[in-house]
Amino acid sequence: MKICCLGAGYVGGPTMAMIAYKCQDITVTVADINEARINAWNSDELPVFEPGLDDVVRAARGRNLFFTTDKVTAIKEADIIFVSVGTPTKTYGAGAGKAADLKYIELCARDIAQYSDRSKIVVEKSTLPVRTAQGLKTVLEANSTPGLDFQVLSNPEFLAEGTAIEDLSRPDRVLIGGDEDSEAGRKAIQTLVDVYANWVDRDRIITTNLWSSELSKLVANAFLAQRISSINSISALCERTGANVDQVAYAIGTDSRIGPKFLKASVGFGGSCFQKDILNLVYLCEYFGLPDVAAYWEQVIVMNDWQKSRFSQKIVSTLFNTVNGKRIAMLGFAFKKDTNDTRETAAMYVGRDLLDEQAVLAIHDPKVSPEQMFKDLKESRTDADGNPNKQIDVCEDPYAAAKGAHGLAIMTEWDSFKDLDFQKIYDGMYKPAFVFDGRNILDHEKLRKIGFEVFAIGR
Ligand code: UDX
Ligand code: UDX
């Protein structure tokens, strides 16, 4: 069997690497239009940082795992084609700011139709609005050689970045949606079930109709994000009342109906999925004439935006209502630990707010490149005369970032930040020295003993 995947991003790359790693008799080819990205996948410096990914890729690459820019051959040879290209929020026209932009998905369908000379299974891996499969099928059938059959399956990815390899090798569940009402549809579903059954228990592989599968991905992300917005909303109430949000989260999380996960109060959730997928859900509700349902889910985003801006306002008000010319050390820029991904990271919004207030940002992140930080902050590295940007100082060393700073903000919960020498940091900072722990990961009592003024979320 041959599998190909269109799109070698954070999802397509690791997912296909895992399939190749677990199924030695399947040849897996990942194709992407971005040549630099493919070159990186073929090098020792993978484009995605993910614990354990290097080993999986090294074991399978060149054996039954290939990365290429040649999508034509990849499509022609494949029995199953995964589509894992991006589906960003639309920035133009109808649904701008909410609906998913399906441009790349449709381009993939047209490529598949054009280059296929036999029937194939097409799998939606990207997160898509409900009923996208219908559109895909129509495009495939209208543009291909008559007589070919394309079965469209939905197989959404539930991996979280930073734990992708663990999530892929031992998933809570694999979800496969297809046309349950036809013989060909059932056969296609079974073909994909058999691929995953190479390493996933059969009772963890759920099969549904197409629409349930497409919708489940959006709903899973909406429910997860809703939990974070819920606890973040309570964090503000804790700050006013003397309750401690971590204690509240622990106390409610021991109720098995609630559960302990995704109750960690934070500076706000980020990542490529939560905001995009909830907005997509909101748009679908509006489209189907359900404005109250749309408003209900949109509030999850409103609360998240509020939490991010609340954090930057807290920094400014604490530093005597001005950060103009003051150095603020930002530790962490990725949207969570153990990834180099910064999409929708809270650090970018807090950073932009502080730059608007004329602060000098000294940023340190173990994995995010300076280029990425400048891009996210909408700043250039040099001014018109070629002088370096004086408002942003990217530091390889957290101590250098903190040196001469008035405040230090924890933006990402990297483990390495917990073990820093805070006495040394304190000695290098202006006094009073303020710490804003946007992830509640530091030992605040210890910091206070050193002399820091500490502000945490929800305490
Ligand atoms: C994926 C899904 O696409 C998204 O819908 C889901 O919600 C999360 O996972 P991700 O893998 O994180 O997104 O996206 P990205 O890292 O941007 O990868 C997409 C890749 O597709 C890029 O490398 C891009 O170059 C490639 N691409 C895009 C193509 O090969 N062809 C195209 O036409 C468009
Ligand atoms: C998410 C889903 O978890 C995954 O199932 C889906 O396939 C893609 O979207 P991801 O965005 O990679 O995964 O990371 P996740 O661990 O969900 O974290 C998202 C954001 O929420 C991060 O910014 C994280 O820091 C934040 N978060 C998470 C909290 O603030 N509190 C929590 O308790 C958990």
Side-chain angles (χ1 to χ4, degrees), residues 5-16 30-38 40-41 47-48 50 67-69 71 74 82-89 100-111 124-129 132 156-164 167-168 171-173 175 216-218 220-225 227-232 235 245-246 249 253 259-278 280 304 307-308 332 334-339 341-347 411-414 438-441 457:
C5 176
L6 303 176
Y10 280 88
V11 169
T15 309
M16 292 305 122
V30 195
D32 200 293
I33 50 173
N34 181 336
E35 194 176 345
R37 210 165 221 197
I38 289 300
W41 277 111
V48 169
E50 201 50 78
F67 295 93
T68 179
T69 51
K71 61 181 176 190
F82 285 82
V83 179
S84 187
V85 295
T87 51
T89 304
D101 191 341
L102 300 179
K103 174 173 71 174
Y104 305 116
I105 297 288
E106 182 176 335
L107 286 173
C108 287
R110 291 185 186 276
D111 281 343
E124 302 173 342
K125 198 63 170 159
S126 303
T127 307
L128 296 165
T132 304
E157 190 50 73
F158 294 106
L159 69 82
E161 289 174 35
T163 52
D167 296 344
L168 284 165
D172 283 351
R173 72 341 202 152
L175 177 58
S216 294
K217 173 65 194 267
L218 292 178
N221 277 348
F223 270 61
L224 290 169
R227 290 173 63 93
I228 303 170
S229 274
S230 297
I231 200 72
N232 281 346
S235 75
V245 75
D246 292 320
K261 293 179 183 162
F262 271 70
L263 288 178
K264 185 102 185 90
S266 66
V267 47
F269 62 74
S272 70
C273 288
F274 281 173
Q275 174 162 317
K276 163 175 80 70
D277 293 350
I278 294 171
N280 187 341
N304 195 47
Q307 185 78 346
K308 289 181 280 189
F335 82 97
K336 61 188 281 196
K337 71 173 180 179
D338 292 338
T339 177
D341 195 349
T342 64
R343 286 177 288 181
E344 295 300 330
T345 180
M411 303 306 300
T412 311
E413 72 282 20
W414 286 100
R439 298 288 184 165
N440 286 355
I441 55 163
I457 303 278

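For this chain, numbers begin at 1 and follow the sequence in order. Every number for a ligand or one of its atoms is a count from 1 in the order of the listing. Keep in mind that the numbers below use all heavy atoms, side chains included, and drop hydrogens, waters and symmetry copies.
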Among [options], which residue places a heavy atom closest to [atom]?
{"atom": "atom 30 (O) of ligand 2", "options": "Gly270, Ala249, Ser266", "result": "Ser266"}
{"atom": "atom 29 (C) of ligand 2", "options": "Ile228, Leu224, Ile457", "result": "Ile228"}
{"atom": "atom 25 (O) of ligand 2", "options": "Glu413, Arg439, Lys336", "result": "Arg439"}

Is there a nitrogen or oxygen of [X] sitting under 3.5 Å from a nitrogen or oxygen of ligand 1?
{"X": "Ser126", "value": "yes"}
{"X": "Lys276", "value": "yes"}
{"X": "Val11", "value": "yes"}
{"X": "Leu107", "value": "no"}

_Yes or no: does Asp32 have any heavy atom under 4.0 Å from an atom of ligand 1?_
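Contact check Asp32 vs ligand 1: positive.
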*Closer than 4.0 angstrom: is that true for some heavy atom of Lys71 and an atom of ligand 1?*
no
_Does ligand 2 come near enough to Glu157 that some N or O of the ligand is less than 3.5 Å from an N or O of the residue?_
yes
*Option passing side-chain contact (heavy atoms from CB on, under 4.5 Å) with Ser266 (candidates Asn440, Ile441, Ile228)*: Ile228
*asked:* If we ignore hydrogens and angles and just use 3.5 Å, is the side chain of Trp41 paired with the main-chain N or O of Ala8 as donor and acceptor?
replied: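 Flag set: sc Trp41 to bb Ala8 pair under 3.5 Å.
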*Are any of the heavy atoms in Lys217 under 4.0 Å away from ligand 2?*
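Contact present.
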*With a 4.0 Å cut-off on heavy atoms, does Lys337 reach ligand 2?*
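It does not, in that no heavy atom of Lys337 comes within the 4.0 Å cut-off of ligand 2.
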*Shortest protein heavy-atom distance from atom 5 (O) of ligand 2, along with the residue and atom involved*: Phe158 O, 2.8 Å
_Contact partition for Leu263 relative to ligand 2, non-hydrogen atoms under 4.0 Å_ =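 It is the backbone that gets close, since no side chain atom is under 4.0 Å.
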